[in-house]
Amino acid sequence: MSSDLLNKAYDPEDVEMRWYRRWESDGLFAASDSSTRKSYSIVIPPPNVTGVLHMGHALNITLQDIMCRYRKLKGDNVLWMPGTDHAGIATQNVVEKKLAAEGLSRHQIGREKFVEAVWEWRKVYGGRIINQLKRLGAMCDWDRERFTMDEGLSRAVRRVFVDLYEQGLIYRGLYIINWCPRCYTALADLEVEHEEHDGHLYHIRYPFPDGNGGLTVATTRPETMLGDTAVAIHPEDERYRDIGHDHVILPLMGRTIPIIRDSYVDTSFGTGALKVTPAHDPNDFEIGTRHGLDSIKVIGDDGLMTPEAGRFAGMDRSECRADVVRALTEEGLLGKIDPHKHNVGHCYRCKEVIEPNLSRQWFVRAKPLAEKAIAAVENGETRIVPGTWAKTYYDWMYNIRDWCISRQIWWGHQIPAWTCAECQHEVVAMEPPGACPSCQSRNMIQETDVLDTWFSSALWPFSTMGWPDKTTLLNTFYPTSVLVTGFDILFFWVARMMMMGIHFMGDVPFRDVYVHALVRDEDGKKMSKSKGNVIDPLTVIDHYGTDAFRYTLAAFAAQGRDIKMSEKRVEGYRHFVNKLWNAARFSLMHLDQGHERIDRGHITLADRWILSRLARVTRSVSDAIDTYRFNDAAGELYQFVWHEFCDWYVEASKPTLYGKDTSPEGMAVTKAVLWNVLRDILLLMHPFMPFVTEEIWHQLPGVEGSIMTASFPEHDDGRRGIQVDPDAESEMALVSGIVTGIRNIRGEMHLPPSLQLNVSVHSREDRLRRVVDAYRGMIVNLARLTALTVAAPGPRPKQSATAIVDGASIYVSLEGIIDFEKEQQRLEKEIAKLAAELGTVSTKLSNPNFLEKAPADVVEKVREKHRSLDEKQQQLAVNLERIKELQTD
RNA sequence: GGGCGGGUAGCUCAGUUGGGAGAGCGACGGCCUUACAAGCCGUAGGUCACAGGUUCAAGCCCUGUUCCGCCUACCA
């Protein structure tokens with residue numbers, strides 16, 4: 001039999017490797033550039049080329065793969081566009097580190113050689129993360145893999161830069177930006193991580209020119225005072241109305257600086273006098289602009305004090321702070337020092353403290369772009385799921401500020417701007433200008449800065465498809481169907497793609513944005529290398545297999561909640577994979593051919609029931625994936641496969657399959673049902689567990705080719721005989737209720753399974769008796785009985801334990817072995833439980849308001865509940881009395 | 001400062017128009033029943049953070065309190 005090919009326990013390692021290679025080589029991941037089929041497209045959030053697969057990727061990739069595989073089974077033309085981004089700062093850092101190990105710096109080898117070295121590095125290591133994605137089973141169309149530094153994508157970057165410049169949406173100017181002295185580059189506001197630090201608020205007296213009195217200012221960064229060019233007070237501050245001076249002396253520097261009045265000053269903070277350092281604080285810069293103040297840069301780009309800092313020149317900025325404080329103390333100008341919590345910005349790449357610095361940089365004018373991006377979400381052209389994230393998106397978009405896009409590094413898209421060395425004329429163009437359009441000089445010098453990596457990522461949905469050319473690929477797949485991403489890059493990436501997509505394509509880049517959770521460690525902390533709490537997805541895959549890992553991620557991917565991950569959790573789903581594997585082994589033992597059609601002529605109750613449940617589950621899994629409720633889909637399948645198919649259907653079918661109580665026709669029907677249910681289970685599970693389902697698929701007789709090329713089941717398939725069957729469901733509920741009732745007694749009375757029981761079922765209801773009688777074989781089998789008697793209520797069997805189910809009394813005969821004490825306790829416990837339930841129901845029914853105001857169907861439901869509870873309780877009470885009597889006999 | 005999410009069984013979490021509190025794991029008891037001991041059968045366990053309110057009815061809606069987490073922000 002074919003099941004000989006299946007081992008007793010599933011072994012993922014060999015299976016995964018084998019099938020992934022096969023899928024790739026058979027071209028099953030390939031999308032068609034154009035097709036009459038419905039298009040479905042996703043662009044991957046490109047991982048950093050320096051990246052190593054982490055849990056965030058694993059979740060992100062798994063969810064996308066689930067959708068792509070699902071849509072493919074549904075018959076769509078699926079494009080999952082893969083690739084990586086060049087991660088300017090991160091990659092430059094990595095390669096610089098490598099050079100440093102050889103005793104070299106990038107400045108020693110020069111820009112050209114350095115960029116070559118990065119490409120070299122990329123050639124060797126750039127494929128690492130891609131191979132790791134493949135281990136997750138990702139069905140990306142690898143032949144289309146893109147890299148943000150590819151020539152095609154670079155051309156898109158230049159096109160966008162030039163167009164935005166010409167439209168006045170890119171400009172260059174001198175502003176306060178965030179400067180990382182370690183990475184030696186400007187950063188965008190988003191790239192600064194704020195962290196609360198315990199600092200100090202230093203009070204410093206700036207004397208009046210006559211040497212007396214003065215104004216006391218409060219600051220957290222005393223070293224910046226060296227660059228102060230004014231002290232500001234609020235125009236209406238009573239305290240300073242009659243100071244009689246309009247200047248103060250800047251201590252340590254001896255410079256005379258003006259006292260200015262500006263309503264920006266908060267009178268309730270500190271002393272109400274604000275030192276103004278236009279070159280090192282964004283607010284001060286604005287005040288400086290308003291009042292025409294000088295900007296004096298005292299902290300250099302290297303983090304050392306500049307010559308403008310006088311005797312502090314050349315000092316490190318933190319040393320300088322200490323020294324300034326010391327000097328002020330000596331001069332008696334330092335007042336109190338209060339402890340003060342304040343936020344300090346850190347570089348998101350290297351964690352160095354950011355220095356707000358005056359610098360000439362390139363900016364994108366964001367507001368006009370943001371307006372359209374806001375409108376697109378407001379009018380539903382793009383839907384953000386879950387909807388709560390839309391609010392976050394709006395908040396950021398409405399308060400958007402210009403985006404600093406220039407970086408002083410070497411690895412990235414060099415800004416396509418040239419300045420004439422002769423006449424300073426500036427040219428922004430796609431290609432290097434041969435000569436200056438103004439003075440014809442051939443000495444044109446290109447801007448050395450490169451663009452923010454996110455600038456190129458923002459174009460990803462269309463640059464990867466060949467833009468600015470008008471390609472068939474764009475025509476077929478833009479806008480993409482959905483973007484799947486974590487909320488941590490909602491602003492960095494999603495918002496910017498929206499702005500660029502709408503601006504350059506005239507349409508949104510994606511119809512849906514599905515924002516998923518973050519994966520945390522088992523204590524809910526963010527995983528980080530420094531904390532040492534990182535779980536490596538590849539290790540998890542090695543230990544438990546990709547399918548189990550993917551299922552775990554899907555099962556925990558509830559909308560709006562983070563996932564706490566631990567290997568222990570994956571273990572449970574490995575068991576599930578194995579369960580499916582063994583259910584398949586069992587099924588395949590009995591299947592030697594395909595059974596497309598089910599002849600409902602000789603069908604059993606179990607057959608009808610499992611087909612009905614299959615019909616419902618198929619629909620509900622489909623709905624869940626369509627609405628991004630992956631945990632619901634995974635949960636429902638788990639319940640169905642394990643606790644319905646395995647626990648009930650397979651067990652109930654065994655006598656039939658082993659030929660014990662059926663006709664050849666009956667066996668054929670059950671085999672057909674088994675075949676169809678297993679087949680559909682494989683298809684329903686395939687998006688979640690691609691490998692094990694493919695492996696089993698190939699053992700299933702009567703199917704051909706890869707499961708990836710099959711069709712997702714219809715939920716109501718009349719052709720195959722699969723349909724919802726409410727009668728089967730209610731009859732099955734009765735039968736399984738009786739079986740459970742008997743098992744319950746067996747369990748509590750500690751009766752071993754080997755002991756076969758004799759049971760009577762009594763009921764007043766004809767229908768109920770008929771059903772029980774009709775399916776007595778199933779009850780006898782599942783509850784392990786020797787005999788089952790069905791009768792109208794009559795004399796109660798003596799020496800028996802009792803259970804009440806759905807209007808039927810079940811008597812388990814315990815002739816000679818009954819433990820009266822135990823049975824009495826059991827009944828009393830049961831009665832007490834019922835009494836409690838009955839209490840709440842009775843209270844409701846005795847409330848006239850409830851009867852009057854609640855909808856009739858609700859009232860009827862509660863009445864019915866009361867009737868059944870009451871009857872059950874009475875029956876049990878009678879039985880309890882009888883047990884007591886028997887005991888005293 | 002502003003915003004968002006969360007507090008449900010020992011642990012991790014579901015709970016979708018308000019109408020009988022659930023799952024997985026763990027615990028406990030019983031089983032090598034011919035697919036699976038990575039298994040099977042059964043049992044126990046919850047003042048749904050706290051306090052009010054709306055309602056015939058609240059885990060769910062409203063208000064307040066509290067604790068935890070995250071995002072965001074130019075009060076030095």
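By convention in this document, chain letters (A, B, ...) are assigned in the order of the sequence lines, proteins followed by strands, and residues within each chain are numbered from 1. Atom set for the values below is all heavy atoms of this structure, side chains included, hydrogens, waters and symmetry mates excluded.
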Can you confirm whether Lys660(A) is buried at NZ, in the sense that more than 12 heavy atoms of other residues, nucleotides or ligands lie under 6.0 Å from that atom? no
Using whole Å, report how far [atom1] of [X] lies from [atom2] of [N].
X         : N       : atom1 : atom2 : value
Asn781(A) : rC41(B) : CG    : P     : 13 Å
Leu851(A) : rG19(B) : CG    : C1'   : 14 Å
His575(A) : rG26(B) : NE2   : P     : 8 Å
Trp675(A) : rA35(B) : CH2   : P     : 22 Å
Asp281(A) : rC74(B) : CG    : P     : 11 Å

Under 4.0 Å between any heavy atoms, over every strand shown, what does [X] touch: base, sugar-phosphate, or nothing? Just pick one.
X         : answer
Arg746(A) : nothing
Asn847(A) : sugar-phosphate
Pro356(A) : nothing
Lys844(A) : sugar-phosphate

The side chain of [X] lies closest to which of these nucleotides: [options]?
X         : options                   : result
Trp642(A) : rG39(B), rA35(B), rA38(B) : rG39(B)
Leu274(A) : rA76(B), rU43(B), rC56(B) : rA76(B)
Tyr264(A) : rG42(B), rA76(B), rG5(B)  : rA76(B)
Asp647(A) : rG39(B), rU34(B), rC40(B) : rC40(B)
Tyr658(A) : rG29(B), rC40(B), rU34(B) : rU34(B)
Cys646(A) : rA35(B), rC56(B), rA73(B) : rA35(B)
His750(A) : rG30(B), rA76(B), rA73(B) : rG30(B)
Tyr638(A) : rU43(B), rG24(B), rC36(B) : rG24(B)
Ala854(A) : rA76(B), rG19(B), rA35(B) : rG19(B)
Arg784(A) : rU34(B), rU33(B), rG29(B) : rU33(B)

Donor-acceptor pair under 3.5 Å: do we get one between Lys8(A)'s side chain and the base of rC36(B)? no
For the base of rA35(B), is there a side-chain donor-acceptor partner from Glu651(A) under 3.5 Å away? yes
Does a salt bridge link [X] with [Y], judged by any charged N lying under 4.0 Å from a carboxylate O?
X         : Y         : result
Glu236(A) : Arg261(A) : no
Glu636(A) : Arg619(A) : no
Glu748(A) : Arg743(A) : no
Lys861(A) : Glu864(A) : no

Distance, C1' atom - from rC56(B) to rA51(B), rounded to whole angstrom: 23 Å
[N] pairs with, by Watson-Crick or G-U criteria that keep both distances under 3.5 Å:
N       : value
rU34(B) : none
rU66(B) : rG7(B)
rU17(B) : none

5'-most contact on RNA chain B: Gln639(A) or Lys829(A), nearest heavy atom basis? Gln639(A)
Select from Phe556(A) and Asn849(A) the residue whose nearest nucleotide in RNA chain B is closer to the 5' end of that strand. Phe556(A)
Please confirm whether Tyr393(A) and Phe491(A) have ring centers closer than 6.0 angstrom. no
